[in-house]
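Following: one structure in structure tokens, then a few remarks.
FYI, the numbering just counts along the sequence from 1. We count ligands from 1, going down the list as the structure has it; atoms in each ligand are counted the same way.
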Amino acid sequence: MGYPLLGFLLLLDLVAITTAAAANGQSSGNITLNSSLTAGAKLSYWLSPSGDFAFGFVPLPGDSSLFLLAIYYATIPNSSNIIWIPALNLTLSLDSSVVLTPDGQLSLRDPTGAEVWNPSVQNAAYAAMLDSGNFVIGSSNGSYLWESFSSPVDTILPTQSLLPNSKLISKLANDDFNEGRFEIIMQGDGSLYFYSISVPTGNLYSAYWSSTQNPSNSRLFFNSSGRIDLVTPTGEVISALTTAVTKSTADFYHRGTIDPDGVFRHYVHPKPSTEGAADQWTVMDFKPADICRTQMKGLGSGTCGFNSYCQYDSSGMVICQCPEGYSWVDPKRTYKGCKPVFAMPSCIDGVQSVGFRMVAVINLDFPLDDYEYFNPMNADECAQRCLEDCFCAASISDGTGNCWKKKFPMSDGVNDTSVQRTAFLKVGSNDALPSLSLGRNKSWTLSTSLGLGGSVLLNFTLVSAILLALHVRRRKSRQRIEDVNLGPSLRSFTFSELEVATKGFGEEVGKGACGTVYRGYLCSEQNGNLDVAVKKLRDFEPEMEKEFTNEVKIIGQTHHKNLVLLLGYCNQGVERLLVYEYMCNGTLASYLFGSVRPPWKQREEIVLGIAKGLCYLHEECSTQIIHCDIKPQNVLLDGNFTAKISDFGLSKLLLTDQTRTITGMRGTKGYVAPEWFKKLGITAKVDVYSFGVMLLEIVCCRRNVEKEMTAEKAVLCFWASDCHKAGRIDLLVEGDDEAMNDMGSVERFVIVALRCLQEDPSLRPSMGRVTQVLEETVAIPLLEIPSEALIL
Ligand SMILES: *[C@@H]1O[C@H](CO)[C@@H](O)[C@H](O)[C@H]1NC(C)=O
Ligand SMILES: *[C@@H]1O[C@H](CO)[C@@H](O)[C@H](O)[C@H]1NC(C)=O
Ligand SMILES: *[C@@H]1O[C@H](CO)[C@@H](O)[C@H](O)[C@H]1NC(C)=O
Ligand SMILES: *[C@@H]1O[C@H](CO)[C@@H](O)[C@H](O)[C@H]1NC(C)=O
Ligand SMILES: *[C@@H]1O[C@H](CO)[C@@H](O)[C@H](O)[C@H]1NC(C)=O
Ligand SMILES: *[C@@H]1O[C@H](CO)[C@@H](O)[C@H](O)[C@H]1NC(C)=O
Ligand SMILES: *[C@@H]1O[C@H](CO)[C@@H](O)[C@H](O)[C@H]1NC(C)=O
Ligand SMILES: *[C@@H]1O[C@H](CO)[C@@H](O)[C@H](O)[C@H]1NC(C)=O
């Protein structure tokens with residue numbers, strides 16, 4: 001603990017502090033020009049008037065020959081007291097200094113005097129460490145030219161905001177101040193996203209938690225009574241990120257920190273004057289609810305390092321562990337993962353089961369990294385298949401006939417009693433014999449390990465079956481579903497869980513090509529009640545199992561604010577269900593074709609939202625997703641009327657289904673592209689066509705085909721084309737004053753729609769292009785639309 005014992009000093013000798021501080025250029029709270037601090041000196045800090053916060057040099061935890069320039073809790077002598085540093089990965093050597101120069105700049109310099117950091121402020125009159133924990137640099141009229149609150153690192157404090165287009169980034173480890181693996185971004189569009197990122201370049205891997213979409217320029221605000229809320233630009237509370245009102249900010253320090261494990265935690269710590277409270281940081285609330293089961297899809301190792309797995313300690317904090325047969329690459333840097341302590345099979349001779357054995361671990365799963373999937377297959381065979389496959393690092397059995405083979409390295413490991421799976425890990429048959437050739441010569445290891453392993457497996461299967469039965473019973477009696485993941489990761493539900501959630505499939509909210517949708521409610525201790533829509537797929541044939549798993553996997557990897565979020569699924573017996581977030585404003589069809597015409601501005605937003613969602617499906621997903629059934633019934637509206645595309649990613653299931661039945665065609669009459677009828681290859685352009693039809697419907701608030709109308713107007717596509725040719729696009733929005741006042745946009749929309757309706761798919765623009773034109777980032781190429789282009 002190289003810290004000056006500030007707490008002591010403060011409590012014992014306030015006078016001494018004041019005098020000392022004055023010698024540092026600090027009087028009555030303000031730091032005057034030409035003041036400086038030196039790393040390693042006795043008084044290398046400026047204090048806030050209350051003495052709670054300090055700005056200055058602290059020894060680097062773990063290496064007291066190096067220093068950090070930091071803002072920290074002056075009364076808490078521990079490395080967990082640092083709340084701000086100028087930049088991650090900025091360590092300083094002895095005799096570095098920070099100077100408020102006579103010409104009003106703040107300059108951090110290495111021992112040679114070379115500047116290493118400067119917040120780019122000119123002509124400051126003073127600086128001050130405020131009692132809020134904000135370090136400010138002020139001008140002569142008292143206004144702030146710079147404040148540390150505007151450039152947070154991993155922590156925000158009461159009265160501080162995370163402003164639009166800014167982010168928090170975690171440290172690499174508690175005592176490692178390099179850039180970590182997670183960040184929270186407050187997007188300008190009002191959504192808050194948690195991302196895992198790659199070290200050291202910082203590119204975004206995947207979002208693992210996000211808020212709903214809020215008004216643009218919303219921000220995250222830590223209010224002075226200790227709540228962390230998303231608020232609108234005018235300060236109206238939208239939703240709480242965390243709540244911690246039980247500890248007052250008068251008696252407790254509050255901080256919100258994105259920790260090195262990717263969890264944003266709201267901590268409190270009693271102030272020195274508060275009696276009777278444990279002298280430590282206590283977690284009040286956190287997001288996401290269950291980081292161990294929040295799979296970080298795409299690349300990266302998840303919360304814990306590769307090959308390691310995540311579990312919680314008794315206080316709910318994350319612990320990462322190495323499985324049997326593995327050890328830490330670096331025990332002090334567990335994010336680097338675990339390495340096998342035996343030589344992995346080299347695959348030179350293909351099958352290499354000799355010298356290896358399988359270790360069964362119940363409640364352990366590595367949910368990603370599958371490369372083969374078997375069903376039906378019992379646990380014994382699941383283990384044996386992996387043992388005999390030199391590519392296989394582990395296999396997972398769920399005890400109901402499913403078996404997955406995992407490749408190396410494994411990621412997102414989780415050990416939790418709710419994981420109703422058993423992992424079989426391939427390890428060296430004798431950990432003391434790390435060399436492969438040794439193992440290979442001892443051919444007896446195979447038979448022994450099989451004999452032994454077999455009975456062990458049997459026992460494990462029995463034990464897990466009993467545990468599983470007990471667990472299910474306990475669950476049922478509680479009638480609660482725990483660990484609901486609000487993030488983009490998928491949860492596997494049992495049929496009975498969903499039966500309870502939907503009150504026995506009692507409330508039907510829709511019917512579609514794929515099945516029937518029911519309203520449901522999940523309760524979780526973490527997240528309160530969550531409204532969901534449960535889609536029960538109809539007539540599920542066993543041979544479609546693989547499609548189902550694939551499609552769910554693909555849908556599970558999508559994450560976009562204009563797509564309905566898939567929360568989980570159930571594949572038990574013949575039941576196949578999908579669990580989505582519930583959209584309270586229903587379908588676009590009922591909104592658009594109802595009795596009241598929705599405002600033009602809102603329709604514009606909806607069009608843009610759909611275009612962006614489709615663009616994401618076509619162009620930004622790792623596996624391109626063609627929707628094949630774009631229509632207003634498949635666009636849902638959330639509480640803010642944000643358009644969200646639903647039913648995407650199911651086309652393969654339906655194609656398989658429908659080819660076997662009659663038409664071999666997916667899609668809905670009136671919206672389907674001509675190539676469907678011609679047995680041409682189906683590309684993403686079929687969605688562009690359907691989007692064109694829907695775009696016209698949104699502009700005109702009417703269905704494409706309305707038989708009651710006069711012949712010329714009965715089919716909207718034809719009529720719109722005629723109006724366009726006659727230069728009378730205004731006829732399409734007759735009586736809609738708002739739209740009439742925005743003819744520029746109406747015209748742009750109609751032209752885009754007509755271009756999407758070209759008969760030749762190659763002449764239709766891509767959704768990316770459509771989005772650009774709708775957003776006016778590129779001009780419409782004013783091409784004539786060939787008259788034969790339109791068919792229905
Ligand atoms: C700044 O302080 C140094 C000593 O600490 C002094 O020599 C120098 O004259 C001061 N400069 C100004 C401009 O006040
Ligand atoms: C510092 O705080 C951390 C987290 O609260 C705790 O684990 C550690 O034991 C503390 N160390 C000291 C020296 O108080
Ligand atoms: C205070 O000074 C800053 C620059 O020194 C200036 O931008 C700001 O407008 C001034 N504010 C007032 C209230 O005079
Ligand atoms: C610090 O200086 C500024 C500008 O001179 C002044 O407005 C403010 O009141 C001072 N604060 C204190 C605590 O002296
Ligand atoms: C930290 O900084 C050092 C040199 O300043 C650099 O070599 C290293 O790559 C940086 N690490 C990260 C994670 O940015
Ligand atoms: C902080 O937020 C809570 C809930 O949003 C509110 O009840 C409370 O009044 C707020 N406190 C302040 C000081 O604004
Ligand atoms: C899994 O976690 C439980 C506690 O939740 C623990 O008792 C058990 O030993 C863990 N299993 C492994 C393999 O670490
Ligand atoms: C393995 O067996 C081969 C012949 O079967 C022998 O040449 C080799 O030395 C043996 N290796 C070891 C490490 O015993």
Under the 3.5 angstrom rule, does the side chain of [X] hit a backbone N or O of [Y] as a donor-acceptor pair?
X	Y	result
Arg603	Pro598	yes
Asp259	Asp261	no
Arg255	Arg265	no
Thr249	Ser224	yes
Tyr312	Cys292	yes
Asn30	Thr32	no

Residue [X] vicinity, atoms of ligand 6 by number, heavy atom under 4.0 Å:
X	value
Ser225	1 (C), 8 (C), 10 (C), 11 (N), 12 (C), 13 (C)
Asp229	2 (O), 5 (O)
Ser224	13 (C)
Val237	5 (O)

Numbered atoms and elements of ligand 3 in range of Ser143, under 4.0 angstrom, heavy atoms = 1 (C), 2 (O), 3 (C)
request  = Give the residue, atom name and distance (to 0.1 Å) of the protein heavy atom nearest atom 12 (C) of ligand 3.
outcome  = Asn141 ND2, 3.0 Å
ask   = Which protein non-hydrogen atom lies closest to atom 5 (O) of ligand 3, naming both residue and atom, and how far is it?
value = Ser139 CB, 3.7 Å
query = Does atom 14 (O) of ligand 3 have a protein heavy-atom neighbour under 4.0 Å away?
reply = yes
query = Does atom 7 (O) of ligand 6 have any protein heavy atom closer than 4.0 Å?
reply = no
request  = Identify which one of Leu157, Ile71, Asn134 satisfies the side chain to side chain contact (heavy atoms under 4.5 Å, CB included) criterion when paired with Trp84.
outcome  = Ile71
ask   = Looking at Asn30, which atoms of ligand 4 are within less than 4.0 Å of one of its heavy atoms?
value = 1 (C), 2 (O), 3 (C), 8 (C), 10 (C), 11 (N), 12 (C), 14 (O)
inquiry  = Can you see whether Tyr521 has Arg519 sitting over its ring - NZ or CZ less than 6.0 Å from the centre and within 45° of the normal?
reply    = no
request  = Look at atom 10 (C) of ligand 6 and find which of Val231, Thr159, Asn223 reaches it with the closest heavy atom.
outcome  = Asn223
